[in-house]
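Read through the structure below, which is laid out as structure tokens, and then see the notes.
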Amino acid sequence: MGRIGSTRRKSGSPDAFGAINGAFMVLLCACTLYPFLFIVASSLSSFNASAGGLSLIPRSFTTDNFARVLSDQLIYSGFENTIVRTVLGTGLSLIAVFALAYPLSKKYFPNRGFWTALIALTMFFSGGLIPTYLLVRGVGLVDSPWSLVLPELVSAYNLVIVRNYMQTIPDSLEESARIDGANDIAILFRIILPICKPIIATIALWVAVWHWNAWFDCLIYITKPAGEVLQLVMRRIVIQGSDQLTEMLGRGMAMQQDEYITPEGLKAATILVTTFPILCAYPFIQKYFVKGVMLGSIKG
Amino acid sequence: MTAIRSRARAKGLARRYWDCRYLVVLMAPGMLYFIVFKYIPIYGLTIAFKDYNFADGILKSPWVGLDVFRELFASPSFWEVFRNTVVIASLTFAFGFPAPIILALLLNEVRSARFKKTVQTISYLPYFVSWVILGGLFLQFLSPSSGPVNYVIKALGGEPIFFLGDARWFRGVLVATGIWKSAGWGSIIYLAALSSIDSELYEAAEIDGAGRWAKMRSITLPSLAPVITIMLILATGQLVEDNFDQVFNMYNVAVYSVGDVLSTYMYRSGLEDMEYSLATAMGLFKNVLAFAIVLLSNAISKRINEFGIW
């Protein structure tokens, strides 16, 4: 009797450990969010607030930082280039992954093991930076948006996950269609892809977020500022403190007295403009990503 | 006889490909992609054994045997960079590997499902933000003049610290920001393993009077052991790896002596100084080493745990 009572108390009411643990979790969340919130505050503040302090409430509120960042031409071309590569890259990557995964999921496909191994091997061995760079330059993709899409078109890892998913679809589903004379491609579109909807969504999100955040390929393959993706435009302004920043600082000077604009505020606003889309999408895409991690780990 | 049989087999194979010609058509562009963009660069690794020059290209540049590797291993800056890589990776491993496990164990003790979910959602967030953005963000956040961290240090009477420009602090910043970004996300896999533990085991242990520590030692940790082993083997492969995105967006000339790592050095010597053969040799060296370490730790794990990835 007493034992049952004590068990219930243990799992019901908070104890000392639970309280400390809870406090630790709150602290952890604060540490994660504080840097972001600090940047928000700093982007909305004029000079006396960027001079230091911990407050997350913007002092001497101003939207001027954003106005100046958003009047920069390269921010717009950056957005455009990022959107183009994300849409193009995600679309083509999905088509390629599913077109490859379907044949490889068929037991009767000749030399299936060989073809699968040929692809899986690229997860462990790769040419690396320089040979890939020389290839991309050799085929004339430098300064073309295709250089951001083609070199990483298909990830072997995604392909293996999609193939495994397709292999769990029972053959009996296809058989009736096959009797009606449908060919493999018709079966893929009519039967397989509708069943694959959840995995299509997961892979599409992975690839899209990857493309949105990618910047290194753009750094090495794109030489013109107008072709740069948003992440790189932001990098030049914030990390390298480019002429663009100086120009933004000076912009509007002629019109009014505004020496209260600081590099810190402008940099913070640039960071936020770049981060905003991903922060907006985050609550919606997060759960699909978590599911995706499970998907990968079940087989691995 | 064998000739006939093999011809028959060849014919059979052609026939089998013909039977699924639609699948072949479907697959062809994707396979072409792998051959062009993955296998040609693998062939391109041969320039690590050649004296690459533009005029001759990959195919016709003269072979030089192991000269490039000799030059690489004779260079003191290579060994400095190699040491930095190993030191930073070891620190990241020592602090970064247990972090998601501890986080998962603590999250698992949180009773309110709603609170737990909120903490998880927040802790995964930095994973979705690229190092370019975080590099810019920490540059602001850790700034000696206007950053809040130094504001606290100054308020407590200390001297401001230039975290990203001081060789004594730079490695610590790399490790700490690395954990900040990835510990939450890394905990997912352990949380999944924890949620699959049969709750009856805990109930039985409670009836036997087991406390929190006893339960953790004899139920939780043994259940996590396989996952931890797999993650451990994979993590050893990272010992010569380095997070290019992170280092590249945070380092500067003032901290090269402690922060320049293989991949950043490779980038600079390859794409800035155009030392293609040297940079390729460096990449090949790193990949082979990483692969060997993973194989080795897998073998060790098999001997100790009778359990490995392969």
Side-chain angles (χ1 to χ4, degrees), chain A residues 7 17-18 21 24-25 28-29 32-33 35 38-39 50-54 96 99-100 102-103 106 109-110 118-119 122 124-135 150-151 153-154 183-185 209 213 215 220 231 234-235 238-239 264 267-268 271 274-275 278 282 286 290 293-294 297, chain B residues 13 16-17 20 22-23 26-27 29-31 33-34 37-38 40-42 44-45 47 58 106 109-111 115 119 121-126 128-130 132-133 135-137 139-141 146 148 151-152 180 184 188-189 192 206-207 212 245 249 266-267 270-271 276 279-280 283-284 287 291:
Chain A
T7 315
F17 175 83
N21 194 23
F24 177 75
M25 291 297 156
L28 188 91
C29 292
T32 308
L33 291 179
F38 176 78
I39 294 296
S50 336
L54 295 174
L100 270 171
Y102 181 59
K106 292 287 151 219
F109 191 80
L118 201 64
I119 291 171
T122 62
F124 304 102
F125 297 103
S126 71
L129 179 66
I130 301 299
T132 309
Y133 170 77
L134 291 176
L135 172 78
L150 291 180
L153 185 67
V154 183
N183 65 32
D184 287 316
I185 291 183
V209 170
N213 280 335
W215 56 279
I220 62 178
Q231 305 265 342
M234 179 247 136
R235 179 172 195 276
V238 176
I239 300 180
E264 280 75 26
K267 286 178 177 179
I271 292 173
T274 320
T275 324
I278 208 103
Y282 174 70
Q286 184 244 128
V290 175
V293 172
M294 301 307 164
S297 64
Chain B
L13 195 61
R16 281 168 62 209
Y17 275 111
C20 43
Y22 293 110
L23 295 182
L26 205 56
M27 214 174 94
M31 284 318 299
Y33 157 78
F34 273 99
F37 283 99
K38 298 290 162 183
I40 291 181
I42 289 178
L45 284 173
I47 64 171
I58 294 175
L106 291 178
E109 297 286 334
V110 173
R111 295 223 178 82
F115 181 55
V119 175
T121 304
I122 292 173
S123 68
Y124 301 161
L125 174 66
F128 289 85
V129 183
S130 70
V132 187
I133 292 174
L137 191 147
L139 200 63
Q140 303 274 85
F141 195 67
S146 61
Y151 178 80
V152 173
W180 180 84
I188 293 177
I189 195 141
E206 267 171 36
I207 290 169
R212 206 182 293 276
D245 284 21
N249 286 304
M266 189 169 89
Y267 167 79
L271 294 174
Y276 292 126
T280 306
L284 186 58
N287 283 352
F291 197 63

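No hydrogens, no waters, no symmetry mates; every other heavy atom, side chains included, goes into these values. In the text below, chain A, chain B and the rest are named by the order of the sequence lines, each starting its count at 1.
Top candidate by heavy-atom pairs under 4.5 Å with chain A, chosen from Cys20(B), Pro29(B), Pro41(B), is Pro41(B). Each of Leu137(B), Leu139(B), Thr280(B), Val110(B) has some count of heavy-atom pairs under 4.5 Å with chain A, and the biggest count is that of Leu137(B). Taking Tyr102(A), Phe24(A), Phe17(A) one by one and counting their heavy-atom pairs under 4.5 Å with chain B, the maximum is reached by Phe17(A). Comparing Ile185(A), Leu129(A), Asn183(A), Leu28(A) by heavy-atom pairs within less than 4.5 Å of chain B, the highest count is held by Asn183(A). Ranked by heavy-atom pairs under 4.5 Å with chain A, the first of Ala279(B), Gly184(B), Ser130(B), Gly44(B) is Ser130(B). Note on Phe141(B), Tyr267(B), Phe128(B): by heavy-atom pairs under 4.5 Å with chain A, the leading option is Phe128(B). Comparing Thr132(A), Thr275(A), Ile278(A) by heavy-atom pairs within less than 4.5 Å of chain B, the highest count is held by Thr275(A).
The contact between Tyr33(B) and chain A is made entirely by side chain atoms (from C-beta outward), counting heavy-atom distances below 4.5 Å. Only the side chain of Phe115(B) has a heavy atom closer than 4.5 Å to any heavy atom of chain A. Looking at Phe34(B), only its side chain comes within 4.5 Å of chain A, counting heavy atoms on both sides. Both the backbone and the side chain of Leu125(B) come within contact range of chain A, each with at least one heavy atom under 4.5 Å from a heavy atom of that chain. Heavy-atom distances place both the backbone and the side chain of Leu153(A) under 4.5 Å from chain B. Of the atoms belonging to Leu106(B), heavy atoms from both backbone and side chain fall under 4.5 Å from chain A. In this structure, chain B has heavy atoms under 4.5 Å from both the backbone and the side chain of Leu100(A). Both the backbone and the side chain of Ile239(A) come within contact range of chain B, with heavy atoms under 4.5 Å apart. Using a 4.5 Å cut-off between heavy atoms, Ile47(B) touches chain A through its side chain atoms alone. In this structure, the portions of Phe125(A) lying under 4.5 Å from any heavy atom of chain B include both its backbone and its side chain.
Listed for the Gln140(B) side chain is a donor-acceptor partner under 3.5 Å among the backbone atoms of Glu264(A). Asp245(B) contributes no side-chain N or O that, together with a main-chain N or O of Val132(B), makes up a donor-acceptor pair within less than 3.5 Å. Using a distance-only test at 3.5 Å, with no hydrogens or angles considered, no donor-acceptor pair links the side chain of Ser126(A) to the main chain of Thr122(A). No donor-acceptor pair under 3.5 Å is formed between the side chain of Tyr17(B) and the backbone N or O of Phe109(A).
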*Please test Tyr282(A) against Thr121(B) for side chain to side chain contact (heavy atoms under 4.5 Å, CB included), starting from the C-alpha separation and ending with a verdict.*
CA-CA 9 Å; Tyr282(A) 174 70; Thr121(B) 304; 3.8 Å; yes
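To the nearest 0.5 Å, atom CG of residue Leu271(B) and atom OH of residue Tyr133(A) are 6.0 Å apart. In this structure, CH2 in Trp180(B) is found 11.5 Å from OG in Ser123(B), a value given to the nearest 0.5 Å. In this structure, CE in Met31(B) is found 4.5 Å from CD1 in Ile119(A), a value given to the nearest 0.5 Å. Taking CD1 from Ile130(A) and OH from Tyr276(B), the interatomic distance works out to 6.5 Å, rounded to the nearest 0.5 Å. Rounding to the nearest 0.5 Å gives a distance of 11.0 Å between CD1 of Ile133(B) and CD1 of Ile39(A).
Closest approach of Val154(A) to Ala96(A), counting heavy atoms only: CG2-CB, 3.6 Å.
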